[in-house]
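Note sheet for the following structure.
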Amino acid sequence: MDKEEILKEARKTIIDADKGKAEETAKRAIAEGMDPLEVINKGFRAGITEVGDLFGRGELFLPELILSAEAMKGAADILTAALPKDAEKRRGRVVIGTAQGDIHDIGKSMVVSFLQANGLEVYDLGRDVEMQKFIDKAQEVSADIIGMSALLTTTMSGQKALIQELKKAGLREKYKVMVGGAPATQRWADRIGADAYGIDAADAAKKAMELLGEG
Ligand code: B1M
């Protein structure tokens with residue numbers, strides 16, 4: 001199988017919601033020496049985006065979406081585990097999670113893996129995380145960056161609320177705030193006064209390094 005075929009197969013395994021095949025394809029891509037990020041973005045992510053569009057148009061139902069998401073997660077876990085690690089020194093601390101009311105965590109978990117691969121110490125709060133928990137954890141571990149992921153237009157307001165709460169508590173200058181997730185944009189990040197926006201996991205890691213002065 002050549003590279004293009006692997007990418008096509010990756011996309012198809014998500015549309016078919018075939019977790020076993022998705023994981024097998026992820027392993028094959030690694031064995032072929034392909035770039036994990038390219039395989040995720042051009043293969044698996046293309047598949048889940050297509051599935052999401054079908055779901056959005058009412059042509060696919062929630063149970064099918066859940067199965068596709070499980071296949072996507074299985075493949076993404078394998079690929080992110082294969083990222084080259086740069087752990088020679090701890091470059092900074094990041095507290096991250098998905099906004100309250102939001103259970104999407106595949107993308108956030110990928111961001112976590114990319115941050116860790118860049119030598120950052122990451123405190124992953126998980127998904128559906130109450131806003132105050134981000135601040136409490138950041139205080140507890142003396143974080144440098146707080147990152148909030150949101151996949152729903154209804155939960156991205158949590159990113160704005162976090163910044164407002166930091167200001168209210170007199171902590172805004174203490175932490176850099178990074179936002180991301182499918183509905184977020186650079187424009188949104190600017191509007192709410194975030195310090196950075198990551199379009200994908202690699203960009204998030206790059207922006208985090210820049211925030212830490214290591215860009
Ligand atoms: Co949901 N869902 N979902 N879903 N889901 C979307 C987001 C949706 C756009 C689908 C659609 O209708 N077309 C839609 C939202 C519509 C809107 O808000 N306007 C939607 C909906 C409606 C829902 C439910 C409400 C459905 C229902 O119950 N009726 C429900 C919500 C439940 C809740 O959260 N309260 C729901 C549930 C689910 C599943 C559980 C089935 C599953 C999630 C499983 C899981 O995460 N464990 C799921 C999935 C899989 C999706 C889609 C299809 C794919 C999301 C994904 O994993 N993408 C999604 C459609 C889409 O996004 N096109 C959809 C792959 C991932 C690698 O990309 O998450 O974008 P992404 O992450 C990227 C970047 O965004 C960035 O880097 C990541 C890696 O490259 N990034 C960051 C992410 N976070 C970042 C943080 C950063 C920086 C970068 O800094 C901190």
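Hydrogens, waters and symmetry mates play no part in the numbers below; they use all other heavy atoms, side chains included. Ligands are counted one by one from 1 in listed order, and the atoms in each one are counted from 1 as well.
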State plainly whether the residues [X] and [Y] are in salt-bridge range, i.e. N to O under 4.0 Å.
X      : Y      : result
Glu70  : Lys73  : no
Lys42  : Asp35  : no
Asp203 : Lys207 : yes
Lys12  : Asp18  : no
Arg91  : Glu121 : no

Students should be able to answer this: which protein heavy-atom is nearest to [atom], and at what distance?
atom                    : result
atom 28 (O) of ligand 1 : Leu62 CD2, 3.7 Å
atom 30 (C) of ligand 1 : His104 CE1, 4.3 Å
atom 81 (N) of ligand 1 : Gly181 N, 3.5 Å
atom 47 (N) of ligand 1 : Asp105 OD1, 2.7 Å
atom 21 (C) of ligand 1 : Leu152 CD2, 3.8 Å
atom 19 (N) of ligand 1 : Thr153 OG1, 3.2 Å
atom 35 (N) of ligand 1 : Gly101 O, 2.9 Å
atom 55 (C) of ligand 1 : Leu151 CD1, 4.2 Å

If you group Ile, Leu, Val, Met, Phe, Trp and Tyr by side-chain heavy-atom gaps below 4.5 Å, do [X] and [Y] land in one group?
X      : Y      : answer
Leu125 : Met156 : yes
Leu7   : Ile15  : yes
Ile6   : Leu79  : yes
Ile48  : Leu60  : yes
Val129 : Leu152 : no

Please check this pair: side chain of [X] against backbone of [Y], looking for a donor-acceptor N/O pair closer than 3.5 Å.
X      : Y      : value
Tyr197 : Ala184 : yes
Asp200 : Ala202 : yes
Arg127 : Gly97  : no
Ser113 : Ser109 : yes

Numbering the atoms of ligand 1 from 1, which are under 4.0 Å from a heavy atom of [X]?
X      : value
Val111 : 77 (O), 81 (N), 82 (C), 85 (C), 89 (C)
Ala69  : 42 (C), 44 (C), 50 (C)
Asp102 : 34 (O)
Ala182 : 62 (O), 70 (O), 75 (O)
Gly147 : 91 (C)
Ala201 : 77 (O), 79 (C), 80 (O)
Leu65  : 4 (N), 41 (C), 53 (C)

Between [X] and ligand 1, find which residue part has any heavy-atom pair under 4.0 Å and reply side chain, backbone, both or neither.
X      : value
Arg45  : side chain
Asp200 : both
Phe55  : side chain

Do protein heavy atoms approach [atom] to less than 4.0 Å?
atom                    : value
atom 24 (C) of ligand 1 : no
atom 61 (C) of ligand 1 : no
atom 8 (C) of ligand 1  : no
atom 39 (C) of ligand 1 : no

* Any idea which heavy atoms bring Asp102 and Thr155 closest together, and the distance? ->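 Asp102 and Thr155 have their closest heavy atoms at OD2-OG1, 2.7 Å.
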
* Structure fact -> Residues Ile14 and Ala22: closest non-hydrogen pair is CD1-CB, 4.3 Å

Does [X] reach ligand 1, in the sense of a heavy atom lying below 4.0 Å from it?
X      : value
Arg127 : yes
Ile199 : yes
Val51  : no
Met110 : yes

Measuring from [atom], which candidate in [options] has the nearest non-hydrogen atom?
atom                    : options                        : answer
atom 71 (P) of ligand 1 : Ala71, Gly107, Gly52           : Gly107
atom 84 (N) of ligand 1 : Ser149, Ser113, Pro63          : Ser149
atom 52 (C) of ligand 1 : Ile48, Asn41, Val179, Ile14    : Ile48
atom 88 (C) of ligand 1 : Ala184, Ser109, Ala208, Gly198 : Gly198

* **Test side chain to side chain contact (heavy atoms under 4.5 Å, CB included) applied to Leu162 and Lys167, Met131, Gln100, Gln132, the passing residue** =>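 With Leu162 as partner, Lys167, Met131, Gln100, Gln132 yield a single side chain to side chain contact (heavy atoms under 4.5 Å, CB included), made by Met131.
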
* To do: Take Gln139 and Tyr175 through the test side-chain hydrogen bond (donor to acceptor under 3.5 Å, both in side chains) and record every step on the way to the result.
  => CA-CA 9 Å; Gln139 291 279 76; Tyr175 305 109; 2.4 Å; yes

* Does Met148 reach ligand 1 with a nitrogen or oxygen that is under 3.5 Å from one of the ligand's nitrogen or oxygen atoms? ->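 No: no nitrogen or oxygen of Met148 is under 3.5 Å from one in ligand 1.
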
